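One structure is given below, encoded as structure tokens.
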Amino acid sequence: MRIHRAWFVAAVAFVAILGAAGFRATPGVMINPLQAEFGWSKGTISLAVSINLVLYGLTAPFAAALMDRFGMRRVVSLALLLVALGSGLTVWMTASWQLLLFWGVFVGLGTGSMALVFVATVTDRWFVRHRGLVTGVLTAGGATGQLIFLPVLAHLADGPGWRVASIAVAGAALAVVPLVWLLLRDRPEDVGTTALGGAPATPAPAPTVNAAVRALSVLAKAARTRPFWYLVGGFAICGMSTNGLVGTHFIPAAHDHGMTQPVAAGLLALIGVFDIAGTIASGWLSDRVDPRILLGVYYGLRGLSLMILPSLFSGTAEPSMLVFIIFYGLDWVATVPPTVALCRRIYGADGAVVFGWVFGSHQVGAAIAAVGAGLTRDHLGAYDVAWFVAGGLCLLAAGMSLAIKTVGKRRDDGSAPGRPDRASESAAAH
């Protein structure tokens with residue numbers, strides 16, 4: 001039986017996302033070594049993380065439009081090169097502004113250009129059948145990258161030093177470039193086939209409008225609908241409670257309670273193990289269950305788990321902490337497949353670009369949490385307030401998700417989805 005070309009494209013996309021995840025895994029293991037060598041405060045280092053997170057998100061909608069204009073292969077290859085450049089240049093930095101430029105700007109732009117909008121673009125173009133499942137698998141690629149790189153980077157940072165860890169990340173990103181250039185293809189029509197489960201279609205011409213203009217025009221249209229703001233608000237809180245808070249500050253918070261950095265990094269990597277299972281399962285469920293209900297459940301359970309986290313920290317990996325790691329890991333990015341499904345269902349052909357803007361809010365939220373938690377630790381001496389605030393916001397996100405209204409359901413044949421409900425549009429307009 002012949003394997004459909006879409007599966008090869010998905011495999012290459014998975015490897016590219018995994019390669020980019022290397023540097024995304026490093027903030028937590030870099031904070032203490034950078035503070036020890038340069039004397040920079042956690043707030044200063046967290047600012048670099050925040051710039052990275054903001055650009056990682058705000059680049060996404062423009063990257064989606066660029067992929068429509070110039071193709072996924074070119075955009076992703078250049079993005080990997082930029083990640084490698086930013087990671088490699090940190091080896092020679094001597095001042096905090098260089099950290100902001102290399103770690104914040106270069107790597108933020110590079111990783112943002114092949115963030116989750118890359119997942120949405122691949123699945124939109126190459127899959128009709130199994131679209132939710134593939135979205136979950138590709139999203140899990142980031143968690144797999146964290147699982148592979150985080151323990152290694154933690155040992156490198158503690159042993160040979162953080163510079164060796166940076167070089168390792170740069171090398172991993174460079175190694176993926178030839179694979180992407182040789183094997184990734186932009187559309188099924190480019191190789192004489194159709195999307196998996198889709199009917200033969202006339203090749204769509206590449207958009208001639210400027211990518212920035214298209215991204216902004218899609219934003220202007222989506223911003224007039226109420227579902228967009230519910231998605232933006234919920235995903236901003238998602239970023240606060242994952243990348244910004246746990247991804248950036250879990251290791252130093254555990255260190256405050258006597259846990260060694262490698263053990264804490266191992267726990268964070270363990271989140272990645274269960275994240276893979278949770279995200280793939282979420283993708284499978286997104287093909288079968290109302291995405292709004294999934295998001296409500298995910299955010300609600302995450303909020304409750306964060307509220308009990310401060311009582312679980314100790315000098316060793318206690319069973320109660322391991323239970324939290326398993327539970328939280330299953331929920332880490334399980335929100336992505338149902339969010340992508342809602343963007344596709346409500347906004348149709350513009351769904352990937354709309355998701356780019358929604359994802360941008362995710363990273364703005366992550367940036368706010370990264371700086372806020374760092375300042376909380378600097379001024380209060382503990383992270384407890386940050387955990388409780390994030391938990392409460394997650395409960396708010398659950399309510400916003402359940403309030404989203406949609407019309408119809410995108411059919412398996414790939415036909416156009418329903419538009420936002422008229423009441424939502426009217427209310428948003430006023």
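What you see is a predicted model, and the numbers here were worked out from it, not measured in a lab. The chain is numbered in sequence order, starting from 1.
Between His362 and Phe235, the angle of the ring planes lies from 30° to 60°, which puts this pair in the tilted group. Classified by interplanar angle (parallel below 30°, tilted 30° to 60°, perpendicular above 60°), the ring pair Phe127/Trp7 is perpendicular. Using cut-offs of 30° and 60° for the angle between ring planes, the Phe324 and Tyr328 rings count as parallel. By the 30° and 60° cut-offs, the orientation of the rings of Tyr347 relative to Phe228 is perpendicular.
Side-chain atoms of Thr225 come within 3.5 Å of backbone N or O of Ala222 as a donor-acceptor pair. A distance-only check finds a donor-acceptor pair linking the side chain of Ser361 to the backbone of Val358 [under 3.5 Å]. The main-chain N or O of Cys238 is found under 3.5 Å from a side-chain atom of Ser241 such that the two form a donor-acceptor pair. Using modelled atom types, no side-chain atom of Tyr299 and backbone atom of Ser401 make a donor-acceptor pair closer than 3.5 Å.
Within the 4.5 Å cutoff, the side chain of Ile251 has heavy atoms near those of the Leu268 side chain. Considering only heavy atoms from C-beta on, Trp332 comes within 4.5 Å of Val246 through its side chain. Contact check for Pro291 versus Arg345: side-chain heavy atoms found under the 4.5 Å cut-off. Residues Val119 and Val340 have side chains not in contact (no heavy-atom distance under 4.5 Å, counting atoms from C-beta outward). Ile271 is not listed as a side-chain neighbour of Leu267, based on a closest heavy-atom distance of 4.5 Å or more. Residues Trp126 and Val134 have side chains not in contact (no heavy-atom distance under 4.5 Å, counting atoms from C-beta outward). A heavy-atom distance below 4.5 Å is not found between the side chains of Leu330 and Asp275. In this structure, Ile308 and Leu304 have side chains that are not in contact, with every pair of non-hydrogen atoms separated by 4.5 Å or more.
Residues Arg131 and Asp287 are not paired through a salt bridge, judged by the lack of any N-O separation under 4.0 Å between the basic side chain and the carboxylate. We find that Arg214 and Asp68 are joined by a salt bridge, their nearest charged nitrogen and carboxylate oxygen being less than 4.0 Å apart.
Partners of Ser282 by side-chain hydrogen bond (donor to acceptor under 3.5 Å, both in side chains), not counting sequence neighbours, listed by chain and number: Tyr298. Not counting sequence neighbours, the partners of Arg377 by the side-chain hydrogen bond (donor to acceptor under 3.5 Å, both in side chains) test are Asp256.
The one candidate from Ile237, Thr242, Leu395 that meets the side chain to side chain contact (heavy atoms under 4.5 Å, CB included) condition with Arg302 is Thr242. Arg344 pairs with exactly one of Thr135, Val354, Thr339 by the side chain to side chain contact (heavy atoms under 4.5 Å, CB included) rule, that one being Thr135. The only member of Trp387, Tyr383, Phe313 that meets ring-ring contact (aromatic ring centres under 6.0 Å, His included) when paired with Phe250 is Phe313.
With hydrogens and angles left out, the side-chain atoms of Ser113 and Thr59 include no donor and acceptor closer than 3.5 Å.
With a 6.0 Å radius and a threshold of 12 heavy atoms from other residues, nucleotides or ligands, His255 has its NE2 atom at or below the threshold. Atom CZ of Arg73 sits in a crowded spot, with more than 12 heavy atoms from other residues, nucleotides or ligands closer than 6.0 Å.
Applying the salt bridge (Lys or Arg N to Asp or Glu O under 4.0 Å) definition to pairs two or more places apart or across chains, none involves residues 360-369.
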> side chain to side chain donor-acceptor pair (under 3.5 Å) between Ser166 and Thr90: does it pass, once the steps are laid out?
Replying inline: CA-CA 7 Å; Ser166 293; Thr90 58; 3.2 Å; yes

